[in-house]
Amino acid sequence: MASLIEKLTVYFQYPFVKYALIAGILIALCSSLLGVTLVLKRFSFIGDGLSHVAFGAMAVATVVGISNDMLLILPVTVLSAIIILAGGKNRKIKGDAAIAMISVGSLAIGYLIMNVFSTSGNVSGDVCSTLFGSTSILTLTKLDVWLCVILSVVVIGIFVLFYNKIFAVTFDEDFAKATGTNAGAYNLLIAIVIAVIIVLAMNLVGSLLISALVIFPALSAMRIFKNFKAVTICSAVISVVFTALGILISILAGTPVGSTIVGIDIAGFIIFSVIGAIKK
């Protein structure tokens, strides 16, 4: 135990470890707040769909040579969130079909572009790193961290400011409309915020594992609590603790960051499920 503490003390002298923890905790907190809403609205896979869109946008940014790919990824992902929301209201294309179309299409086109217009000698390695977030979180710059802090503060502020409206739209959209709430506008707001979270989370767990970061903490909290506020708070605590633990373990053990965090989330879900069963 003493050797582990000593090893961590040495690692904390490096800025990249501090940057990874700060960004990881903020992303985990933001993901957990909206994760509860997505699970309850049965729209969990919007995160998966938007993550594939972000991958496609990143591939285009890499080929074009944009130094800060966030300038392209963020607006494209937000636009896709709006399109998915509009598609969900289309009688001809249901919500899940719209997500599937945009998700698979973006992933395929992104991979095709990276192969045809390759700017790297290791395309497979770049794709694997982007999809599974193997090293991205450990190569963050101070600018990346500040951008993450600013966007996280905006996301948390929006959630706190519009908490009551989000709660109403989540549980009973028809009743919310009857009471004069513009449910469409708040659904759009939720979709845009999720898009921002997805872009932030790409560096942490990669495109393919983002849904786990959004869904597992919420599902774990729901095993024990039934109150919306209690579930949200518990989900936030679980997400932050498990993410910090996953980052530290990955640094010490040399394992991929994203997969380690998701593995801990899965173990946590099993533990909370057992506790919930015992509690009943």
Side-chain angles (χ1 to χ4, degrees), residues 27 30-31 33-35 37-39 41-64 66 68-117 126-127 130-133 136 147-148 150-152 154-155 158-159 162 166 169-170 173 182-215 258:
I27 293 167
C30 294
S31 302
L33 293 179
L34 271 298
T37 296
L38 291 183
V39 170
K41 287 176 72 66
R42 302 182 185 278
F43 222 40
S44 304
F45 271 101
I46 190 174
D48 195 51
L50 292 178
S51 68
H52 293 170
V53 170
F55 171 79
M58 187 223 65
V60 173
T62 302
V63 171
V64 174
I66 300 177
N68 187 355
D69 54 11
M70 191 75 76
L71 296 174
L72 179 65
I73 296 174
L74 189 58
V76 168
T77 309
V78 169
L79 179 62
S80 298
I82 297 172
I83 293 173
I84 288 175
L85 185 67
K89 296 178 180 179
N90 191 327
R91 292 182 179 179
K92 294 182 180 179
I93 305 176
K94 300 299 182 183
D96 56 345
I99 293 175
M101 287 171 59
I102 293 177
S103 171
V104 175
S106 300
L107 189 63
I109 291 172
Y111 186 61
L112 181 64
I113 288 174
M114 290 188 76
N115 274 271
V116 174
F117 304 99
D126 293 340
V127 171
T130 305
L131 292 179
F132 295 99
S136 301
L147 181 61
C148 181
I150 292 170
L151 291 176
S152 297
V154 171
V155 169
I158 289 173
F159 183 82
F162 298 107
I166 292 174
V169 171
T170 298
E173 192 170 320
N182 189 344
Y186 286 104
N187 278 327
L188 181 62
L189 179 65
I190 292 171
I192 292 173
V193 171
I194 286 297
V196 173
I197 293 172
I198 295 304
V199 173
L200 291 176
M202 274 189 70
N203 283 331
L204 182 62
V205 296
S207 297
L208 292 182
L209 303 177
I210 288 175
S211 290
L213 192 67
V214 174
I215 295 169

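This is a predicted model, so every value here is computed, not measured.
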Of all the heavy-atom pairs spanning [X] and [Y], show the shortest one and how long it is.
X: L50; Y: T77; answer: CD2-O, 3.7 Å
X: V53; Y: S80; answer: CG1-OG, 3.1 Å
X: C30; Y: I197; answer: O-CD1, 3.3 Å

Step-by-step side-chain contact (heavy atoms from CB on, under 4.5 Å) determination, I27 to L213: CA-CA 9 Å; I27 293 167; L213 192 67; 4.0 Å; yes

Nearest 0.5 angstrom please: [X] [atom1] to [Y] [atom2], how far?
X: I192; Y: N187; atom1: CD1; atom2: CG; value: 11.0 Å
X: T37; Y: I190; atom1: OG1; atom2: CD1; value: 5.5 Å
X: L34; Y: F159; atom1: CG; atom2: CZ; value: 6.5 Å

With sequence neighbours excluded, residues passing side chain to side chain contact (heavy atoms under 4.5 Å, CB included) with L151: L147, V196, L200

